[in-house]
Amino acid sequence: MVRRARRINRELAEVYPYAHPELDFRNPFELLVATVLSAQTTDLRVNQTTPALFARYPTPEDLAAAEPEELEAIIRPTGFFRAKARSLLGLSAALRDDFGGEVPARIEDLVKLPGVGRKTAFVVLGNAYGVPGITVDTHFGRLARRWKWTEQEDPEKVEAEIAAIFPKSEWTMLSHRVIFHGRRICHSRKPACGACPIAHLCPSYGEGETDPEKARKLLKYEMGGQPGQRLNPPPDYPGRPAPPLASPAAEEAG
């Protein structure tokens, strides 16, 4: 299992040499806020929402002083906006009061912030600070179980078992590759088995569509010829940037 798991990681690295976080951000604070907003919604919707948010509140001090109703109105497109607004106000106040307005670079500090769990903390650590971490979101957990890397459902237990399989230096990029694969090919309801480049390594091959033509129609994002989730993707990204969020007036006109 360990040999096969490591081979899957190597082959995913060839399929997704451009794997990266799919949230737009320019600094650790923006990544932290965007990751909190990404719960129960798409990274695309977050990326369409954060330009206005960071234009209005560029620092933790600014966000901590926000009027809740105004903040809620800006982040409403991401869903669960009242709970997310409370988390953003709380974590921004904590950053201002306890960390000098800086996002801490330790897991122990990050998980103490309102609305920040281990998944969010590892996204920030791995992508803003270069600290290795395994991000167990719904895609990662699903694929880890399909590939028989673990039988665990609890994210922390999944994290612990996967950490024992791969060297620490691989943890962050492994997370990106697995999540990329889960979003593009190995979907929750109907995986595109017939178009999967690592099907020969998959112990769950056949759970999804095995006909190559039908499977190709299930591919998402750049593999399906569609835009990705980032408005500002990195230079080596092969797909088209996603469109910005249309204003309510534009949506009504369109």
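Under the 4.5 Å side-chain heavy-atom criterion for Ile, Leu, Val, Met, Phe, Trp and Tyr, Leu125 and Val36 are members of the same hydrophobic cluster. Hydrophobic clustering, with ILVMFWY side chains joined whenever heavy atoms are under 4.5 angstrom apart, groups Tyr18 together with Leu174. Residue Leu12 is grouped with residue Met1 when hydrophobic side chains (ILVMFWY) are merged at heavy-atom distances under 4.5 angstrom, including chains of intermediate members. In the hydrophobic clustering of ILVMFWY residues, with side-chain heavy atoms under 4.5 Å counting as a link, Tyr16 and Ile8 come out together. In the hydrophobic clustering of ILVMFWY residues, with side-chain heavy atoms under 4.5 Å counting as a link, Ile185 and Tyr205 come out apart.
Looking at Pro233 and Glu22, their side chains never come closer than 4.5 Å, going by heavy atoms from C-beta outward. Side chains of Ile198 and Trp147 form a contact here, defined as non-hydrogen atoms less than 4.5 Å apart. Proximity of Leu245 to Leu231: side-chain heavy atoms (C-beta onward) are nowhere separated by under 4.5 Å. Contact annotation: the side chain of Thr135 never approaches that of Trp171 to less than 4.5 Å [non-hydrogen atoms, C-beta and beyond]. Using a 4.5 Å heavy-atom cutoff, the side chains of Glu30 and Thr50 are not in contact. Residues Leu89 and Pro68 have side chains in contact (heavy-atom distance under 4.5 Å, counting atoms from C-beta outward). Side chains of Leu110 and Arg106 form no contact here, defined as non-hydrogen atoms less than 4.5 Å apart. At least one side-chain heavy atom of Thr41 sits under 4.5 Å from a side-chain heavy atom of Lys84.
Side chain of Glu67 to backbone of Glu69: no donor-acceptor contact under 3.5 angstrom is found. A donor-acceptor pair is defined here as one N or O able to donate and one able to accept, closer than 3.5 Å; such a pair exists between the side chain of Thr42 and the backbone of Arg45. Of the possible polar contacts, one joining the Arg240 side chain to the Gly225 backbone as a donor-acceptor pair under 3.5 Å is found. Remark: side-chain polar atoms of Thr78 are paired, donor with acceptor, to backbone N or O of Ile75 under 3.5 angstrom.
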Verdict with reasoning, Arg183 to Lys220, per side chain to side chain contact (heavy atoms under 4.5 Å, CB included): CA-CA 7 Å; Arg183 286 176 169 167; Lys220 292 185 179 180; over 6 Å; no
Residues Phe29, Ser92; criterion side chain to side chain contact (heavy atoms under 4.5 Å, CB included); working and verdict: CA-CA 9 Å; Phe29 174 64; Ser92 297; 4.0 Å; yes
From CA spacing to verdict: side chain to side chain contact (heavy atoms under 4.5 Å, CB included), Glu151, Arg145: CA-CA 6 Å; Glu151 294 181 354; Arg145 288 184 287 275; 5.9 Å; no
Evaluation steps, side chain to side chain contact (heavy atoms under 4.5 Å, CB included), between Asp137 and Arg142: CA-CA 9 Å; Asp137 70 352; Arg142 178 177 75 251; over 6 Å; no
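The two residues Leu95 and Pro104 make their nearest non-hydrogen contact at CD2-CD, 3.6 Å. Of all heavy-atom pairs spanning Val116 and Ala121, the tightest one is CG1-N, 4.1 Å. Closest approach of Ala195 and Leu219 over heavy atoms only: CB-CD2, 4.1 Å. Taking every heavy atom of both residues into account, Ala105 and Val131 meet most closely at O-CG2, 4.5 Å. Nearest heavy atom pair, residue Val124 against residue Leu31, reads CA-CD2, 3.8 Å. Nearest heavy atom pair, residue Gln40 against residue Phe80, reads CB-CE1, 3.5 Å.
Both tests pass for Arg184 against the ring of Phe180: distance under 6.0 Å to the centre and angle within 45° of the axis. For the pair Arg76 and Phe81, the distance from NZ or CZ to the six-membered ring centre is under 6.0 Å and the angle to the ring normal is within 45 degrees.
In this structure, Glu102 places its CD atom where only 12 or fewer heavy-atom neighbours from other residues, nucleotides or ligands lie under 6.0 Å away.
Remark: the Asn9 side chain and the Glu170 side chain contain an N/O donor-acceptor pair separated by less than 3.5 Å. In this model, a donor atom of one side chain and an acceptor atom of the other lie less than 3.5 Å apart for Glu11 and His200.
Asn47 contributes atom CG, which lies 8.0 Å from atom CG of Asn232 (distance to the nearest 0.5 angstrom). The distance from the CZ atom of Phe25 to the CG atom of Leu32 is 11.5 Å, given to the nearest 0.5 Å. Distance check, rounded to the nearest 0.5 Å: CG of Leu37 to CG of Leu23 gives 9.0 Å. The CG atom of Leu91 sits 15.5 Å away from atom NZ of Lys112, with the distance rounded to the nearest 0.5 Å. Of the inter-residue distances, the one linking Cys196 atom SG with Glu209 atom CD reads 13.5 Å to the nearest 0.5 angstrom. Here Leu143 contributes atom CG and Thr150 contributes atom OG1; the two are 13.0 Å apart, rounded to the nearest 0.5 Å.
For the side chain to side chain donor-acceptor pair (under 3.5 Å) with Asp24, the lone residue among Arg230, Gln229, Gln48 that qualifies is Arg230. Residue Glu159 is tested with Lys119, Arg118, Gln152 for a side chain to side chain donor-acceptor pair (under 3.5 Å); the sole match is Arg118.
For an aromatic pair to be called close, the ring centres must be under 6.0 Å apart, and Phe166 with Trp149 satisfies this. With ring centers used as reference points, His20 lies under 6.0 Å from Tyr237.
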